[in-house]
Amino acid sequence: MSPAQPERRQPTQPTGSASRKAKRVSPLAVHWREATRAAQRLWRARAGTAATVLLIGIALLLPALVVSLQGALQAGLQGVEAQASVSVYLTLESSNDDAIQVSEQILTLDGAESIERIDPDAALAALAASLGLADSLAALSSNPLPTTLLVSIDADAGALSETATALAASIRGLDGVDSVAVEGAWLQRLEALSSLLARAAQLLGLLVGVGLLTALGNTIRLAVEERRDEIRVSKLIGASDAYVARPFLYTGTFLGLAGGLLAALLLLIVVAVLTSTAQTLFALYGSSATLPPFATLGLALTPLGGALGWTAAFVASRRAISRCEP
């Protein structure tokens, strides 16, 4: 009889969760899950979310409107400056030869492009037609109007208003010139107003940016405080600060994107309402310019709001989460 053989045990197959290999969740799925949860939390707090989005939208709209007005004014200035000219009035004793000589001297000056000469008789006839006093002016024994030279400004000479002012100063010193009129004074005032609006837009944008970062930062800090216990538990099981801060980053980004989209819609409405008024205003100055198109600023407001929301959430959540020690 053969000796008893030792009993062999068949290897047992692991059952249940031990038999399954740990499934690795893709980073995209994790981000999608956190983004969905952040959107659901914002939806559950609809009243507070709507108030925050409205605040962001109005805040972003203000500098955008100033930038739109400054762009429209700058475009209008370019249209008006293209018609800038200097009127040169010769002395009454000047003859046609004197007018030709003065014209040749003016064309040698910097900024002068072309000259149109208006004879005294033509100027008197135009004045009589505009005033309806043809019979009265015809009775004058002599023509009181001088020869006029209309000097067009070279568009390649730089700022046309400054060029016109400098050219007028040079023309005043020529022999045979009685007086010079230039449109540069009010053009310079409009250019100064345009520069003021540009500086105001920069300052207002900076203040709005700081204010939005502060407001959104407070919102995120309150959200962190509400979930302090949950954050501590997550840290106890090894969650990093970056992982814990992820849902708050989505919250800030969603709020910023929604506020930027609202600002874009409000800007579209304001531009549509003010377009006809702006066209009428610019037509009074002889320009066909209008407000810049909506796409110039509107498309940039939504990503700008999202960037501000993410930045505020990043700074506020990291500081608040670092104080939630387990």
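Quantities reported herein were computed from a predicted structural model and do not represent experimental measurements.
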Q: Compare all side-chain heavy atoms of I56 with those of L216 and state whether any distance is below 4.5 angstrom.
A: yes
Q. A59 and L212: which non-hydrogen atoms are nearest, and at how many Å?
A. CB-CD2, 3.8 Å
Q: Determine whether V270 and L65 make a side-chain contact, defined as any pair of heavy atoms from C-beta on separated by less than 4.5 Å.
A: yes
Q) Any chain of hydrophobic side-chain contacts (each under 4.5 Å) joining L304 to V66? A) yes
Q. Between G217 and A316, what is the shortest heavy-atom contact and its length?
A. O-CB, 3.5 Å
Q) Are any non-hydrogen side-chain atoms of I58 and L54 less than 4.5 angstrom apart? A) yes
Q) Is any side-chain heavy atom of L61 less than 4.5 Å from a side-chain heavy atom of L301? A) no
**Q.** Heavy-atom closest contact (S87 atom, Y89 atom, distance)
**A.** CB-OH, 3.9 Å
Q: Among I100, V86, L149, find the residue that satisfies the side-chain contact (heavy atoms from CB on, under 4.5 Å) test when tested with I115.
A: L149
Q. What are the two closest non-hydrogen atoms of R221 and T214, and how far apart are they?
A. NH2-O, 4.4 Å
Q. If you measure from OG on S170 to CD1 on I106, what distance do you get to the nearest 0.5 Å?
A. 10.5 Å
Q) Which value, rounded to the nearest 0.5 Å, describes the distance between R227 atom CZ and R41 atom CZ? A) 3.5 Å
Contacts under 3.5 angstrom, residues 247-268 side chains, donor-acceptor by atom type, not counting sequence neighbours:
{"residue": "Y250", "atom": "OH", "partner": "H31", "partner atom": "ND1", "Å": "2.8"}
{"residue": "T251", "atom": "OG1", "partner": "P247", "partner atom": "O", "Å": "3.0"}
{"residue": "T253", "atom": "OG1", "partner": "L249", "partner atom": "O", "Å": "2.8"}

Q | Side chain to side chain, L167 and V151, heavy atoms closer than 4.5 Å | A | yes
Q: Start with the C-alpha gap between I118 and T147, add the side-chain angles, then the distance that decides, and say whether side-chain contact (heavy atoms from CB on, under 4.5 Å) holds.
A: CA-CA 6 Å; I118 301 177; T147 300; over 6 Å; no
Q | L42 reachable from L308 in the ILVMFWY side-chain graph, under 4.5 Å edges | A | yes
Q.
Among residues at least two apart in sequence or on other chains, which ones pass side-chain hydrogen bond (donor to acceptor under 3.5 Å, both in side chains) with S95?
A. D98
(Q) Do L204 and L55 sit in one hydrophobic cluster, given that two such residues count as connected whenever their side-chain heavy atoms are within less than 4.5 Å of each other, even indirectly? (A) no
Q. Does CZ belonging to R172 count more than 12 external heavy atoms closer than 6.0 Å?
A. yes
**Q.** Spacing of S152 atom OG and E116 atom CD [to the nearest 0.5 Å]
**A.** 7.5 Å
Q. When you look at I171 and L109, which way does the side-chain contact (heavy atoms from CB on, under 4.5 Å) test go after all the steps?
A. CA-CA 8 Å; I171 294 175; L109 301 175; 3.8 Å; yes
(Q) Quick check for you: to the nearest 0.5 Å, what is the distance between I220 atom CD1 and E225 atom CD? (A) 12.5 Å
Q: Could you tell me the separation between the OG1 atom of T52 and the CG atom of N218, rounded to the nearest 0.5 Å?
A: 10.5 Å
Q. To the nearest 0.5 Å, how far apart are CZ in R117 and CG in L90?
A. 9.5 Å
Q.
Working note: L174 + V177, criterion side-chain contact (heavy atoms from CB on, under 4.5 Å); need CA distance, chi angles, decisive distance, verdict.
A. CA-CA 6 Å; L174 299 179; V177 174; 3.9 Å; yes
Q: Report the residues that fulfil side-chain hydrogen bond (donor to acceptor under 3.5 Å, both in side chains) with T91, sequence neighbours left out, ordered by chain and then residue number.
A: S94
Q.
Whether the side chain of R37 engages the backbone of E34 through a donor-acceptor N/O pair (distance < 3.5 Å, no angle test) should be reported.
A. no
Q. Any chain of hydrophobic side-chain contacts (each under 4.5 Å) joining V88 to L107?
A. yes
